[in-house]
Amino acid sequence: MAEEKKSLNFIEQIIEEDLKLGLNLDKLRFRFPPEPNGYLHIGHAASICLNFGLGIKYNAPVNLRFDDTNPTKEEQEYVDAIKNDIKWLGFEWTNELYSSDYFQQLYDWAILLIKKDKAYVDNQTSAQIAEQKGTPTKVGTDSPNRNRSIDDNLELFEKMKNGDLKEGSHVLRAKISMTANNMLMRDPIIYRILYEKHHRTGNDWNIYPMYDWTHGESDYIEQVSHSLCTLEFNPHRELYNWFLKQVYSGEDLKPKQREFARRNLSYTVMSKRKLLQLVEEGFVKGWDDPRMPTISGLRRRGYTAKSIRDFSNTAGIAKRDNVTDIALLEFHIKNELNKTAPRVMAVLYPVKLVITNYPENKEEILIAENNPEDENSGTREIPFSRVLYIEKEDFRGQANKKFFRLKLDKEVRLKNAYIIKANAVVKDENGEITEIHCTYDEESKSGSGSEASKRKVKGTIHWVSVKHAVKAEVRLYDRLFTEEAPDAHKEKDFKEFINSESLKVIDNAFIEPSLKTAQIRDQFQFQRLGYFNVDDDSKKDKMVFNRTVPLRDSWAKQNK
RNA sequence: UGACCCAUGGUGUAACGGUAGCACUCCGGUUUUUGGUAUCGUCAGUCAAGGUUCGAAUCCUUGUGGGUCAACCA
C-alpha cells in the first residue's frame with residue numbers, strides 16, 4: 001500500500017509554503033482573467049486547468065473575471081464565447097465578475113493616490129511621454145508636469161472624468177521613479193481618456209484604467225490569494241506590488257502574483273494577434289476552423305474536453321519557455337477515443353471490388369462489433385453484396401511479402417465478412433485500375449465458427465457495399481504550419497510557414513449506411529484510418545466528416 | 001551593452017543536499033479479423049568551468065545560451 005506521492009508543480013509548492021507559513025486554507029482564492037477581445041486557445045486551457053484545478057484541489061473559489069478595461073477592443077461576443085468554452089472544458093466559476101464592476105472604486109483610489117502625491121496628470125503628447133521614458137539601458141527623465149500641485153491634479157483628473165478634455169490629451173500617471181531599472185516603474189500611466197462605448201458600462205466613463213492599475217486592485221477587491229499569470233508579466237510584479245501597497249488596508253489579504261510559462265504547441269501559433277490575422281486574412285475559415293488551436297477549433301475538430309484537460313495536466317506547469325510536441329495532444333485524444341468511439345467502415349479513395357463467385361442479386365446482413373475496447377458497446381448490422389468499394393491503396397497487383405493487403409492470387413480478409421482472393425484487374429485506357437475481381441471463400445464468414453472462418457490470413461481490409469454505401473465529404477486536416485515554431489524566426493513572418501496542404505477535401509468518400517443517422521459532433525473511428533466526427537456543416541443529404549486525428553500507421557512509417 | 005527570468009534525454013516535466021524518474025516521440029519483439037489497441041523491451045539527459053560538502057541536477061561564483069522589458073494593449 002505504498003502511498004503514491006504526487007509531485008507538485010512550483011505553483012502548488014508556493015501555495016503549500018504559504019499554507020505552512022500560516023495562510024488559512026479558506027483564504028485560498030483564484031481567478032481566471034481573460035480579456036474579452038478574442039477566442040480562447042489551448043494555451044488558455046492550460047491556465048484554466050491550472051486555476052480551476054487549484055480551486056478543485058483546495059476546495060477554493062475560482063472567479064471568472066473579464067479584464068475589460070479597453071473598450072476599443074472588447075466585445076460581448078467574446079465574453080459569450082469565452083464563457084461557453086470554459087463551461088465546455090468542464091469547469092464552473094464561483095462568480096462571474098468584470099473589472100469594469102470596479103471602475104468607481106478604482107477611480108476613488110486614484111483620487112486617493114493623487115491626494116498622497118503619488119499620481120499626477122500629464123498633458124504631454126504620447127510621443128513626448130515615450131521619449132522621456134528612456135530605454136531599457138538608458139534612464140528616463142521627469143515630466144515637466146510631475147510636480148503639478150495636488151489641487152491642480154485633482155481638478156484636471158475631475159475634468160478628465162467629466163469629459164471636459166480631449167481624448168488623448170491628458171493621462172493620469174503614477175509618481176514612482178523615472179530612473180527605475182524596470183521600465184514599468186517609470187511613472188506608468190494609470191488612466192487615459194477614451195470616448196468609447198464600453199460593452200457593459202456604456203458611456204458612463206470617459207476615462208478608463210490601465211491594466212496594471214486594474215488587475216492587482218481587482219485581485220485585492222476579490223481577495224484573490226494567488227494571482228497567476230504568464231511569464232511576460234513578471235516585470236509587472238513590482239508595479240503590481242507598488243499599487244497594492246498604496247491601497248492596502250493592512251488587515252486583509254494581500255494578493256500575490258506569480259508567473260508561469262505559457263504553453264506553446266508545435267506547428268502552430270498561440271498569440272491572439274496572430275490567430276486573428278489567420279482569420280482576417282482568410283488562411284482559415286474562422287476562429288473555429290478545425291485547424292485552429294482555439295478551444296472552439298479543437299472542439300469542432302473532434303477534440304474532447306477531457307483530452308484537452310489531460311493534455312494540460314500531463315504537460316504540466318513550469319517556468320521555462322517551451323514548445324510542446326503536438327503529438328502529446330494527439331496522444332490524449334486517441335487514447336480517449338480508442339475507448340469511446342464506435343468503429344465503422346468508410347472508404348476514402350474507393351476502387352471497385354467484384355466478388356465473381358458471389359450471387360448477382362444476393363445481399364446479406366453481417367454483424368460487426370461496435371468497439372472491441374468496450375464490451376458494452378454492442379454490435380451493428382452491415383449489408384454485404386457482390387460489389388464493394390475498398391481503399392485503392394489496399395490493393396497492389398504485385399508486392400513483396402511485407403505488404404499484408406490484397407494482391408493478385410493472394411488472400412485477405414474483408415473485415416467482419418469473408419476471406420477473398422484477388423484474381424484479376426480491369427483497367428481503363430489510362431492503365432488505371434477500375435475494378436478488381438476476386439473470389440470469396442463462402443465458408444469463411446466472420447463469427448460463423450467454421451474451420452474456414454478461423455483461418456489466419458495476414459491482412460484485413462475495410463470495405464463498403466457499393467449498393468448500400470452513402471456518399472460523404474471527408475475533410476482531412478494536417479498541421480497548419482510546416483515549421484515546429486513558426487513564430488520563432490525573427491527574420492521571417494510566421495505566415496511564410498503556412499502549410500498549403502493543411503486541408504484536403506475528399507468529396508466522394510463512401511461510408512457504411514449505419515452512419516446515416518449520425519448527428520453533428522458524433523465521433524467515430526473509421527477503421528484503419530483514424531478518428532472522425534460529424535462537422536457542423538453536415539447536412540442530411542450531404543454528410544461532412546472531419547478527421548480529428550489519424551490512427552498510428554506503422555505501415556506508412558515503414559514505407560518512408 | 002542595463003535589469004529581471006530561465007537552463008534535466010528529441011519533446012514536456014519530476015527529483016528540494018543522498019540510486020536522475022514519469023509521460024510523449026522514435027526504434028524493436030509479442031499478441032491481434034483494425035499494420036489500431038494492448039503488452040514487453042531498447043536508445044537517450046542534468047549548458048560549461050570553478051567552488052562549498054563525506055556527498056551537488058539541487059547551494060555559491062563566473063561564463064555561455066535562451067527569454068522578457070522602451071503600447072494612452074492586456
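Reminder, nothing fancy here: chain letters follow the sequence lines and each chain counts from 1.
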*Does the B/rC24 base have a donor-acceptor partner in the side chain of A/Glu330 within less than 3.5 Å?*
no

*Report the secondary structure of RNA chain B in dot-bracket form, marking unpaired bases with a dot and bases paired to a different strand with |, and treating Watson-Crick or G-U pairs with both distances under 3.5 Å as paired.*
.((((((..((((....[..))))..((((.......)))).....(((((..]....))))))))))).....

*Taking protein heavy atoms under 4.0 Å as touching, what does nucleotides 62-74 of chain B look like 5' to 3' if B marks base contact, S marks sugar-phosphate-only contact and - marks none?*
-----SSSB-BSB

*asked:* Suppose we screen for side chain to side chain contact (heavy atoms under 4.5 Å, CB included). Which residues come up paired with A/Lys492, at least two apart in sequence or across chains?
replied: A/His489, A/Glu496, A/Phe497

*Sugar-phosphate means primed atoms, P, OP1 and OP2; the rest is base. With that split, encode nucleotides 26-34 of chain B 5' to 3' as B, S or - using protein heavy atoms under 4.0 Å.*
SS-----BB

Identify every side-chain donor-acceptor pair in residues 160-167 of chain A under 3.5 Å, counting partners at least two apart or on other chains, and give the distances.
{"residue": "A/Asn162", "atom": "ND2", "partner": "A/Glu158", "partner atom": "O", "Å": "3.3"}
{"residue": "A/Asn162", "atom": "ND2", "partner": "A/Glu158", "partner atom": "OE2", "Å": "3.3"}
{"residue": "A/Glu167", "atom": "OE1", "partner": "A/Tyr195", "partner atom": "N", "Å": "2.5"}

*Considering only B/rA14, B/rA23, B/rU13, which nucleotide approaches the side chain of A/Leu328 most closely?*
B/rA23

_Tell me whether the NZ or CZ atom of A/Arg200 lies within the 45° cone about the ring axis of A/Tyr98 and under 6.0 Å from its centre._
yes

*Are the ring of A/Phe404 and the six-membered base ring of B/rG35 within the stacking cut-offs of under 5.5 Å and under 30°?*
yes

*Rounded to whole angstrom, note down the P distance from B/rC54 over to B/rU46.*
26 Å

*Taking N and O atoms by type only, does the side chain of A/Arg405 place a donor or acceptor under 3.5 Å from a partner on the base of B/rG35?*
yes

*Return the set of residues passing salt bridge (Lys or Arg N to Asp or Glu O under 4.0 Å) with A/Glu74 (not counting sequence neighbours), or none when no residue passes.*
none

*asked:* Check whether A/Tyr531 forms a cation-pi arrangement with A/Lys334 (NZ or CZ under 6.0 Å from the six-membered ring centre, at most 45° off the ring normal).
replied: no

